[in-house]
*Asks:* 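I have a structure I would like to understand better, so I am pasting it below and will then ask my questions one at a time.
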Amino acid sequence: MDNGGNIVGAGGVVHASPFGSSPAMGHGQFPKQPVPSDGSPTFSDVKVMNSKYESHRMDYFPIEKLLDSPQCYGIEIGINEPPHHDHRGFFFDVGGPGGNTC
């Protein structure tokens, strides 16, 4: 990382047994926006640094949403700033039921 990076990755991962179905992620339900209390795993106030060591909200840079099994897992991306009651800044929630078709 001495010369910096050109990509940042963040998200959730589950690992299935080769002989079974894919497990649930989080509480087993798809995340719902903008409800932060639905129990989904949440990453809040996500920040990254540029090459000048300046901190920025993650959406300062282009964001690509990658979801390889949308029938089994979901991701919700958002921004909540004051005066909103939920001060999560830039956030993403992940979750899903998993299953046999992932």
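This is a predicted model, so every value here is computed, not measured.
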*Asks:* I'd like to check the side-chain contact (heavy atoms from CB on, under 4.5 Å) partners of C102; sequence neighbours left out, ordered by chain and number.
*Replies:*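 Once residues adjacent in sequence are excluded, the partners of C102 under the side-chain contact (heavy atoms from CB on, under 4.5 Å) criterion are S22, S69, C72, Y73.
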*Asks:* If every non-hydrogen atom of P23 is compared with every non-hydrogen atom of V14, which pair is closest and at what distance?
*Replies:* CG-CB, 3.9 Å
*Asks:* Minimum heavy-atom separation for R57 to V48, with atom names?
*Replies:* O-CG2, 4.3 Å
*Asks:* List the residues meeting side-chain contact (heavy atoms from CB on, under 4.5 Å) with E64, not counting sequence neighbours, and say none if there are none.
*Replies:*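 Result, side-chain contact (heavy atoms from CB on, under 4.5 Å) vs E64: none returned.
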*Asks:* In Å and rounded to the nearest 0.5 Å, what is the NZ to CD distance from K65 to E76?
*Replies:*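 One finds 5.5 Å between NZ of K65 and CD of E76.
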*Asks:* Spell out, as yes or no, whether a donor-acceptor pair under 3.5 Å connects the side chain of Q71 to the backbone of T101.
*Replies:*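 Checking the backbone N and O of T101 against the side chain of Q71, a donor-acceptor pair under 3.5 Å is found.
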*Asks:* In Å and rounded to the nearest 0.5 Å, what is the CD1 to CG distance from I75 to D93?
*Replies:* 8.5 Å
*Asks:* So, for G99 and S21, which heavy atoms are closest and what is the spacing to 0.1 Å?
*Replies:* O-CB, 3.3 Å
*Asks:* List the atom of F30, the atom of P70, and the distance in Å for their closest heavy-atom pair.
*Replies:* CE2-O, 3.7 Å
*Asks:* What distance separates L66 CG from D68 CG, expressed to the nearest 0.5 Å?
*Replies:* 6.0 Å
